[in-house]
Amino acid sequence: MIMSEKLDPAALSKRLKALERQVEEDRRTIDELRSHDELKTKFLSNISHDLRTPLAAIITHAEILRDGMLGALNKKQGESVSGIVHGGQQLLDMIDEILTYVRSASDQVTLTKSDFSLPELADQVRSFNESLAAKKRITIERLNGDDLPLVYADRDKIKHVFGNLIGNAIKFTSDGGRVWIAFSEINGDACVEVGDTGRGIARSHHELVFKEFAQVDASPSRPHHGTGLGLAIARRLVELHSGRIWVESELGKGSKFFFTIPLNPARD
Amino acid sequence: MASRVLIVEDSDLVVDALRVLLVDAGYEVDAAATVADAVERASASPVDVMLLDLTLPDGNGLEVMESLRNAGALPRATLAMTGHNDSRARRSCIEAGCAEVLLKPVPIGELLRQIERQLA
């Protein structure tokens, strides 16, 4: 029965036509979805850029007041204006994160590679974060890495990855905790570990944390706010270097984030 | 005589904020919102320091540099100001002759230091 149906040219042609129609329909749906996605990305990019400009003006005006350029402020006024600067900068960081994500998601990111030392870069990001850590009495240590060979990669992009991982480690670690950075070589790759003694991440959430807009606690009352894009960007930037990023963690037992960067990539 | 600073920036809000800062710091401040306007103002009267936004309604900010170089009217120093920390954009600014590339909003202390350094 099946054989005869397969061999019947009329039936075959009919099925072929139906399949072609289906393929055409699917292609249209894909095109439509792709164009919606591009539109959304473009919108996100435009709106973020447009939000940035007035915010820049607000921050500058507030800094002028804070620094007493237009007359001395009393202590309470000073604190209040500092609050405007601080809040504005936090908002700016979030907008920049969205812009970075949009650029990386729409393949607008190009790598500008050079030879540099990963541990030295880690030290730079560490010292940049030290005052934030000190507020929570958290120590940040680099455990090793002096003998790690140089990598050929995009320094700014890897700095962004370090900034994100170290920033998260501080954010999710309680007062008095520890953050560390360690280096090793695995199968021709440099492997970076950023560990902390923080709250940890349940195994079921290990994949989720690298997804866009995902936060393990996504409720409006969650204690830590953000765009939920930081680790998605970090993953994208590491993958652009043909590296890998992952987490090893258990709830209540701290987290270790790892990423790899090839030590001898093709030179372009 | 006060040094002359030209702000090339298409957002009135940002221009107003920078104007308050720079006038208070004792500079003579002028502003332009387009490539054409910037070229005209810088050609008409010599500029000591130009603060140059890269995205302008009628073109790229670096076109201002090119036109002024051709007209022999380049400011003593140009500080590019960009909203995005992009190493490629940074390189093209330096290649075009900018003294520094600053990320907007530039903290006011840093901006004043940069301008002073260019005038020293």
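Side chains are part of it too, since the values below use all heavy atoms of this structure and drop only hydrogens, waters and symmetry mates. As the structure is a computational prediction, the values presented were derived from the model and not from experiment. Protein chains get the first letters and strands the later ones, always in sequence-line order, with residue 1 at the start of each.
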Exercise. Do you know which of B:D24, B:I108, B:D12, B:L18 has the most heavy-atom pairs with chain A at a distance under 4.5 angstrom?
Worked result: B:I108
For this session: Can you measure from CD1 (A:I158) to CD1 (A:I261) and round to the nearest 0.5 angstrom?
Result: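 Answer rounded to 0.5 Å: 3.5 Å.
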For this session: Can you measure from CG (A:D189) to OG1 (A:T260) and round to the nearest 0.5 angstrom?
Result: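 With rounding to 0.5 Å, CG (A:D189) is 4.5 Å from OG1 (A:T260).
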Answer yes or no: is there a donor N or O on one side and an acceptor on the other, between the side chain of [X] and the main chain of [Y], under 3.5 Å?
X: A:R66; Y: A:I84; result: no
X: A:R52; Y: B:K104; result: yes
X: A:E239; Y: A:R236; result: no

Problem set entry | Residue-level interface, residues 113-120 of chain B with chain A, non-hydrogen cut-off under 4.5 Å | none
Exercise. Of all the residues in residues 25-38 of chain B, which have a heavy atom that comes within less than 4.5 Å of a heavy atom in chain A?
Worked result: none
Problem set entry | Engaged part of B:V106 at the chain A interface, taking heavy atoms whose separation is under 4.5 Å |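 The answer is the backbone of B:V106.
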Problem set entry | Toward chain A, the part of B:R19 with a non-hydrogen atom under 4.5 Å |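 Nothing of B:R19, per the 4.5 Å heavy-atom cut-off to chain A.
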Under a 4.0 Å N-O cut-off, is there an ion pair linking [X] with [Y]?
X: A:K113; Y: A:D154; result: no
X: A:D156; Y: A:K159; result: no
X: A:K75; Y: A:E79; result: yes

For this session: Answer yes or no: is there a side-chain heavy-atom contact under 4.5 Å between B:V14 and A:T60?
Result: no
Problem set entry | B:R41 and B:V47, any side-chain heavy atoms less than 4.5 Å apart |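 Not touching, per the 4.5 Å side-chain cut-off.
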Exercise. Any chance the rings of A:F128 and A:F162 have centres within less than 6.0 Å?
Worked result: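 No: the rings miss the under 6.0 Å criterion.
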